[in-house]
Amino acid sequence: MSLKPDPDAMRQFCDRALPGMLTEACDVPVEESAAIAGDVLQRAEAMAALDQTARQVISAPFFEESFDHDPADASPWLKAVTTVVVRNSALEVPHTRGVVNVGGIKAITTFAAGPLSHLLASAPGRLGGGMFGGLAARYPRAWSALEALRGLLVDGGGRASYRLPVAANPELPTDDELVDAPTATAAGASSGFLRQVVCSGIDPRFDRALMAALRTAETEPGFVFVVSALSRISRNSEKLCRVLEFLLACDARVLTTNCLIAADAVYLRRSHLVRPDSTDPVAGLTDQTGISGVHRKTIQTCLRQAASPA
């Protein structure tokens with residue numbers, strides 16, 4: 001590509017390259033491939049309409065899982081944005097069916113990063129509309145926490161205090177928002193560890209394992225909700241923010257491989273990030289390099305609970 005940003009590069013990728021990759025390499029039906037490409041383009045344009053700070057706040061929950069992705073020379077923030085735009089799109093549907101495997105996703109996101117960077121560099125980035133535009137207003141607690149996380153990601157880790165905004169208390173999802181999904185207990189799981197659920201990561205509905213965790217947060221002061229990465233909550237940004245909003249309103253804490261989100265502060269591992277293990281949320285917690293204070297104590301408590309007999 002030329003050094004000058006090409007605003008049409010992402011559209012060309014979605015019109016030609018992406019459908020071809022899906023149909024020819026992954027055997028996704030032609031109509032579904034076109035629909036996926038259209039969804040990716042819509043998400044890319046919605047992201048491009050935001051300013052850089054908002055892009056990073058929305059991408060912050062996915063930084064942890066994508067920082068070591070390809071292309072190797074791309075910035076970690078571009079990889080995180082690509083995850084939101086491409087990986088978290090309707091591409092998840094054939095992946096859930098087993099049609100698009102991990103290798104296919106890796107190839108698609110790697111090739112998408114370049115065209116997406118052109119769109120982001122050439123977009124005005126100040127409109128604030130689209131599918132991501134209203135998240136801050138709908139989920140003010142979650143947005144404030146993710147703003148703090150974004151700042152730590154920029155600064156290289158540590159602790160960031162913040163104040164939760166005054167907002168109405170969120171309610172639990174209703175019964176018509178529930179979905180039955182197969183679950184498997186994660187390695188080392190205890191009551192605070194979200195069980196693995198076999199369903200689409202972009203499904204806006206709530207499986208029963210997640211609902212059980214939310215109910216526990218509502219009734220148990222100091223509840224710690226443990227996942228390998230924030231993307232394990234959901235790849236649907238709306239749903240992820242909704243869950244985080246509820247947990248923070250309950251004064252619960254969210255612990256991942258590299259960060260701790262509480263109702264008054266966010267903590268992030270210094271010096272380097274550890275790659276999350278989606279099959280075992282405990283695995284990354286055993287490496288406590290760059291972690292101290294409240295963050296370390298919370299991890300140690302969770303590890304003791306995980307080691308205790310059920």
Side-chain angles (χ1 to χ4, degrees), residues 61-62 64-65 88 96 138-139 141-143 145-146 149 164 167 169-264 266-267 276-285 294-295 297-310:
F62 306 96
E64 183 175 24
E65 76 163 56
N88 298 355
T96 304
R138 291 192 294 275
Y139 309 105
R141 296 177 180 88
W143 190 266
L146 293 178
L149 176 59
L164 285 182
N169 287 329
E171 297 181 353
L172 281 168
T174 56
D175 288 345
D176 61 348
E177 296 180 273
L178 300 183
V179 59
D180 288 317
T183 60
T185 302
S190 64
S191 62
F193 291 75
L194 183 63
R195 287 182 294 165
Q196 298 176 52
V197 177
V198 185
C199 66
S200 170
I202 62 172
D203 194 325
R205 297 173 296 175
F206 290 74
D207 63 83
R208 297 187 185 279
L210 179 54
M211 277 295 297
L214 296 181
R215 290 193 179 100
T216 302
E218 191 176 37
T219 57
E220 289 188 12
F223 176 73
V224 180
F225 182 89
V226 187
V227 285
S228 60
L230 291 173
S231 62
R232 294 297 94 190
I233 297 175
S234 182
R235 292 190 176 279
N236 181 319
S237 292
E238 181 92 22
K239 179 180 173 182
L240 190 155
C241 286
R242 184 179 174 186
V243 170
L244 186 56
E245 182 81 7
F246 185 89
L247 292 171
L248 291 173
C250 295
D251 199 24
R253 289 169 288 171
V254 180
L255 178 65
T256 76
T257 302
N258 295 286
C259 76
L260 172 66
I261 299 176
D264 60 349
V266 175
Y267 306 79
D277 182 347
S278 62
T279 65
D280 183 2
V282 177
L285 298 178
V294 172
H295 193 178
K297 290 179 181 178
T298 303
I299 289 175
Q300 291 173 345
T301 298
C302 289
L303 291 176
R304 285 195 297 270
Q305 292 174 347
S308 299

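All residue numbers in this chain count up from 1 along the given sequence.
Rounding to the nearest 0.5 angstrom, the gap separating the CD atom in Glu218 from the CG atom in Leu247 is 11.0 Å. Note that CZ of Arg205 and CE of Met211 are 14.0 Å apart. Values are rounded to the nearest 0.5 Å. Atom CZ of Phe246 is separated from atom CG of Asn169 by 9.0 Å, given to the nearest 0.5 angstrom. Separation of atoms CG (Leu230) and CZ (Arg235) is listed at 11.5 Å; rounding is to 0.5 Å. Taking SG from Cys302 and NZ from Lys297, the interatomic distance works out to 14.5 Å, rounded to the nearest 0.5 Å. Atom NE2 of His295 sits about 5.5 Å away from atom CG of Leu255, to the nearest 0.5 Å.
Residues Glu64 and Pro276 come closest through the heavy atom pair O-CD, 3.4 Å. Contact between Pro61 and Leu240 at its shortest, heavy atoms only, is CB-CD1, 4.0 Å. The two residues Ile233 and Lys239 have their closest heavy-atom pair at O-CE, 4.4 Å. Counting all heavy atoms, side chain and backbone alike, Thr257 lies closest to Gly284 at CG2-CA, 3.7 Å. Residues Leu146 and Cys241 come closest through the heavy atom pair CD1-SG, 4.2 Å. Between Thr96 and Ser200, the closest heavy-atom pair is OG1-CA, 3.5 Å.
Checked for salt-bridge contact, Arg138 and Glu238 meet the test: a charged N lies under 4.0 Å from a carboxylate O.
When each of Asp280, Leu303, Thr298 is tested with Leu285 by the rule side chain to side chain contact (heavy atoms under 4.5 Å, CB included), just one qualifies, namely Leu303.
Between Arg208 and Leu178 there is a side-chain heavy-atom pair separated by less than 4.5 Å. Phe62 places a side-chain heavy atom less than 4.5 Å from the side chain of Ser237. The shortest distance between side-chain heavy atoms of Glu65 and Ser278 does not fall below 4.5 Å. In this structure, the side chains of Pro281 and Val227 stay at 4.5 Å or more apart for every pair of heavy atoms. Contact of the Phe206 side chain with the Leu172 side chain is not registered, since no non-hydrogen atoms from C-beta on lie closer than 4.5 Å. Under the 4.5 Å side-chain criterion, counting only non-hydrogen atoms from C-beta, Leu260 is not in contact with Ile299. Annotation: side chain of Phe225 is in contact with side chain of Leu210 (closest heavy-atom distance under 4.5 Å).
For the residue pair Asn236 / Ser234, no side-chain donor-acceptor distance below 3.5 Å is found, with atom types taken as modelled. In the model, Thr256 has no side-chain atom that pairs as donor or acceptor with a side-chain atom of Asn258 under 3.5 Å.
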